[in-house]
Amino acid sequence: MEYLDPRAWMNGILADFNCQTGTLHRADEAGQMLSLVAQVGVPAFLVERISKIPFGKGIAGVAAATREPVELCNLQQDLGGIAKPDAQKTQVSGSLAVPVFSKESGKVIGTLGVGMVEPHEFSEAEKERLKAVAESIAPWLESQQPAK
């Protein structure tokens, strides 16, 4: 599958999930840092702040570190402390991030995240659908990895 325009691809995902924001991050070779590959709907003043995210920090970083989907029904009232303080400035409430795995090694090679303005508890079916989308983008994302 070809993803010549990651932003257009992301717009399709957001429409499918009825979301207003989305991010795709790629992991570095060491598996310690995520770099932004594409985004839609993130306020301009926050793009630089989400361009590099350490594993274990924020929604995307926790999804990468735990190898599990991370969901916040209402990011604006995150009582668990997962979201970074700047995440609340996005005006996004319901958010979901899933890890993207290498088909060859099983290693986390990135994360895919979506968010909506309204509070939303993502269903298991929605989580599985986003995981399937992440699986479909894995070969393209892996091809974007920095040379070893």
Side-chain angles (χ1 to χ4, degrees), residues 1-76 78 80-117 120 122 126-148:
M1 196 175 241
E2 296 233 3
Y3 300 94
L4 300 177
D5 183 354
R7 194 171 157 82
W9 170 82
M10 178 130 348
N11 277 320
I13 300 306
L14 296 181
D16 185 41
F17 281 84
N18 194 30
C19 288
Q20 293 76 45
T21 64
T23 59
L24 178 64
H25 284 86
R26 177 184 62 229
D28 65 4
E29 280 293 318
Q32 296 182 5
M33 189 69 69
L34 297 167
S35 297
L36 186 65
V37 173
Q39 65 84 19
V40 171
V42 175
F45 69 92
L46 288 178
V47 171
E48 186 176 329
R49 291 215 175 131
I50 66 163
S51 66
K52 298 276 188 203
I53 299 174
F55 271 47
K57 301 292 181 184
I59 300 164
V62 171
T66 63
R67 302 176 55 90
E68 295 290 334
V70 174
E71 172 192 11
L72 291 176
C73 175
N74 190 344
L75 188 148
Q76 299 302 314
D78 172 29
I82 293 173
K84 289 184 172 184
D86 284 338
Q88 293 181 332
K89 295 178 184 175
T90 64
Q91 300 304 309
V92 168
S93 287
S95 61
L96 174 64
V98 298
V100 180
F101 298 103
S102 166
K103 289 187 183 243
E104 292 180 19
S105 69
K107 177 177 153 181
V108 173
I109 58 170
T111 60
L112 173 62
V114 295
M116 59 182 58
V117 176
H120 180 74
F122 287 87
E126 288 172 313
K127 292 175 191 175
E128 290 303 315
R129 273 184 31 232
L130 193 60
K131 285 167 52 176
V133 171
E135 186 177 325
S136 77
I137 193 77
W140 180 85
L141 188 61
E142 200 156 29
S143 74
Q144 303 302 301
Q145 288 282 49
K148 293 180 183 179

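Just so we're clear, the structure is a prediction, and the values are computed from it rather than from any experiment.
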[X] side, atom [atom1]; [Y] side, atom [atom2] - distance, nearest 0.5 Å:
X      : Y      : atom1 : atom2 : answer
Ile53  : Ile59  : CD1   : CD1   : 9.0 Å
Lys103 : Ser136 : NZ    : OG    : 7.5 Å
Lys52  : Asp28  : NZ    : CG    : 7.5 Å
Ser51  : Leu46  : OG    : CG    : 11.0 Å
Leu141 : Phe101 : CG    : CZ    : 12.5 Å

Is [Y] close to [X] at the side-chain level, that is, under 4.5 Å between some pair of heavy atoms?
X      : Y      : result
Thr111 : Thr23  : no
Phe17  : Leu96  : no
Arg67  : Val108 : yes
Leu24  : Trp9   : yes
Lys107 : Glu29  : yes

Between [X] and [Y], which heavy-atom pair has the shortest distance, and what is it?
X      : Y      : answer
Met10  : Gly22  : SD-C, 3.1 Å
Ile109 : Ala138 : CD1-O, 3.5 Å
His25  : Ile50  : NE2-O, 2.8 Å
Gly41  : Thr21  : O-CG2, 3.4 Å
Ala63  : Ala97  : CB-O, 3.8 Å
Pro69  : Pro99  : N-CD, 4.0 Å

According to side chain to side chain donor-acceptor pair (under 3.5 Å), who are the partners of Arg129, at least two apart in sequence or on a separate chain?
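Here the qualifying residues are Asp16.
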Ignoring hydrogens and geometry, is there a side-chain-to-backbone donor-acceptor pair from Gln20 to Val117 under 3.5 Å?
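Between the backbone of Val117 and the side chain of Gln20 there is a qualifying donor-acceptor contact (under 3.5 Å).
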Please check this pair: side chain of Gln39 against backbone of Val47, looking for a donor-acceptor N/O pair closer than 3.5 Å.
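Not a single qualifying donor-acceptor pair exists.
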I'd like to check the salt bridge (charged side-chain N to carboxylate O under 4.0 Å, His left out) partners of Glu128; sequence neighbours left out, ordered by chain and number.
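Scan of Glu128 (salt bridge (charged side-chain N to carboxylate O under 4.0 Å, His left out), adjacent residues dropped) gives Lys131.
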Begin with the C-alpha distance, continue with both residues' side-chain angles, and end with the deciding distance and a verdict on side-chain contact (heavy atoms from CB on, under 4.5 Å) for Val40 and Arg7.
CA-CA 7 Å; Val40 171; Arg7 194 171 157 82; 3.8 Å; yes
